Amino acid sequence: MRDAYHEELDSIGEGLVDMARLVGSAIGRATTAILDADLKLAESVIAADEKVDDLQRELESRAIALLARQQPVATDLRIVVTSLRMSADLERSGDLAQHVAKLARLRFPVSAVPRDLHATILEMGQLAQRLMAKAGEVIITKDVDLALQLEQDDDAMDLLHRTLFQHLMDDRWKHGIETAVDVTLLGRYYERFADHAVSVAKRVVYLVTGEHADEIMQQQDTVEGA
């Protein structure tokens with residue numbers, strides 16, 4: 001019974017990795033769709049989000065069933081509860097990728113992104129994909145140091161987000177209000193996607209150590225400053 005129980009716990013972890021892989025791919029493809037005004041690709045991203053939702057519902061059902069059957073305590077309870085929270089983060093990430101694709105579909109046959117911002121949006125999309133890939137790796141390896149690095153990696157996304165706003169606030173902006181709204185939404189989608197990747201990594205830190213990532217980072221800063 002205990003072997004079957006731990007196999008089920010491992011299976012939930014594998015499902016989380018699958019979700020991370022799917023949403024990472026989705027944000028990459030959605031970025032291509034919005035920059036290239038690729039309607040077919042946008043539609044495929046929108047449709048594929050249903051698989052992420054199905055995985056999330058399946059993981060949730062299995063985790064709740066484990067709680068009911070096994071009544072886990074201590075570390076095992078932490079694994080189940082944390083897995084539920086990670087699956088919610090990953091499902092929301094999939095929704096954000098879908099939002100990018102829906103904006104691409106809305107503005108077809110033209111790109112929602114002005115040519116002079118293509119490089120910035122491309123960089124945001126690539127960074128979002130890398131962050132989610134690293135979050136997936138953290139789920140597999142339970143590497144606390146790698147998990148804590150994601151917070152620093154996310155600083156680059158915040159910088160790109162600020163760069164977008166600088167363009168929007170520039171007196172030389174010539175693309176109109178509708179495009180300004182589109183770009184504002186895109187920036188928010190990518191920023192939130194990155195935040196969810198960081199959140200997944202932080203939850204792994206808690207799963208492994210029983211401590212919150214922010215507390216560990218604060219302790220490290222105190223030691224380094226001493």
Side-chain angles (χ1 to χ4, degrees), residues 2-29 48 51-52 54-64 66-67 70 72-94 96-97 123-158 190-221 223-224:
R2 294 301 295 178
D3 287 344
Y5 168 54
H6 284 287
E7 284 176 8
E8 185 68 10
L9 281 178
D10 291 342
S11 179
I12 289 173
E14 290 167 4
L16 292 170
V17 173
D18 287 341
M19 287 184 73
R21 177 181 54 80
L22 287 171
V23 300
S25 173
I27 197 67
R29 291 184 295 120
K51 186 173 182 180
V52 175
D54 287 344
L55 262 175
Q56 198 266 341
R57 286 190 289 266
E58 179 187 343
L59 287 176
E60 187 177 78
S61 295
R62 286 158 60 187
I64 290 172
L66 271 182
L67 288 172
Q70 301 292 339
V73 295
T75 301
D76 287 348
L77 178 61
R78 197 159 69 226
I79 291 172
V80 176
V81 173
T82 302
S83 295
L84 283 168
R85 291 173 176 168
M86 284 193 284
S87 73
D89 276 314
L90 293 167
E91 189 274 333
R92 292 183 191 121
S93 299
L96 290 163
E123 191 173 353
M124 293 181 86
Q126 291 173 339
L127 178 57
Q129 195 167 6
R130 289 197 302 273
L131 284 168
M132 190 55 73
K134 189 175 283 189
E137 184 180 350
V138 166
I139 295 171
I140 295 170
T141 62
K142 306 295 188 294
D143 187 329
V144 171
D145 290 334
L146 183 63
L148 294 174
Q149 284 176 20
L150 261 80
E151 181 98 35
Q152 298 173 347
D153 295 341
D154 184 48
D155 291 343
M157 183 66 82
D158 294 336
Y190 286 114
E191 183 204 29
R192 290 300 299 145
F193 188 98
D195 287 344
H196 284 302
V198 172
S199 179
V200 167
K202 284 183 173 182
R203 295 190 195 285
V204 173
V205 172
Y206 177 71
L207 188 156
V208 172
T209 68
E211 294 184 79
H212 293 289
D214 293 341
E215 295 172 351
I216 293 175
M217 294 176 73
Q218 188 175 15
Q219 291 168 9
Q220 290 177 348
D221 290 343
V223 171
E224 290 173 1

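All of these numbers come straight from a predicted model, not from anything done at the bench. Both backbone and side-chain heavy atoms feed into the values below; hydrogens, waters and symmetry mates do not.
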From the list V80, I79, V81, side-chain contact (heavy atoms from CB on, under 4.5 Å) with S83 holds only for I79
Is D54 salt-bridged to K51, going by a charged N under 4.0 Å from an acidic O?
no
Side chain of R78, backbone of Y206: donor and acceptor closer than 3.5 Å?
yes
How far does CE of M124 sit from CD of Q129, to the nearest 0.5 angstrom?
14.5 Å
K134 versus Q149: any side-chain heavy-atom pair under 4.5 Å?
yes
Is there a side-chain contact between L59 and M19, using heavy atoms and a 4.5 Å cut-off?
yes
Hey, does the side chain of T141 reach the backbone of E137 with a donor-acceptor pair shorter than 3.5 angstrom?
yes
What is the minimum heavy-atom distance between F193 and A128, and which atoms define it?
CE2-O, 3.4 Å
Does the side chain of L207 come within less than 4.5 Å of T75's, by heavy atoms?
no
L16 and L90, any side-chain heavy atoms less than 4.5 Å apart
yes
Answer yes or no: is there a side-chain heavy-atom contact under 4.5 Å between V205 and E211?
no
Separation of E58 CD from S11 OG (nearest 0.5 Å)
7.5 Å
Measuring only between side-chain heavy atoms, which start at C-beta, is M86 closer than 4.5 Å to V204?
yes
Spatial distance of atom OG (S199) from atom CG (D154) [nearest 0.5 Å]:
11.0 Å
Any salt bridge linking E151 with K202? Criterion: basic side-chain nitrogen under 4.0 Å from a carboxylate oxygen.
yes
Over all atoms of both residues, closest heavy-atom pair of A197 and A135:
O-CB, 3.7 Å
Indicate the atoms forming the closest heavy-atom contact of G136 with A20, along with that distance.
CA-CB, 4.0 Å
If I compare all heavy atoms of M157 with all of Y190, which pair ends up nearest, and what's the gap?
CE-O, 3.8 Å
Less than 4.5 Å apart, side chain to side chain, heavy atoms only: is that true for M132 and I27?
no
Between the CG atom in D89 and the CG atom in D195, the distance rounded to the nearest 0.5 Å is 10.0 Å
Grab the two heavy atoms, one from L96 and one from H196, that are nearest each other, plus how far apart they are.
CD1-CD2, 3.7 Å
Any side-chain heavy atom of S25 sitting closer than 4.5 Å to one from R29?
yes
What's the verdict on side chain to side chain contact (heavy atoms under 4.5 Å, CB included) for L66 and I12, showing C-alpha distance, side-chain angles and the deciding distance?
CA-CA 10 Å; L66 271 182; I12 289 173; 3.7 Å; yes
My understanding is that only one of I139, V138, L131 makes a side-chain contact (heavy atoms from CB on, under 4.5 Å) with V200; could you say which?
I139
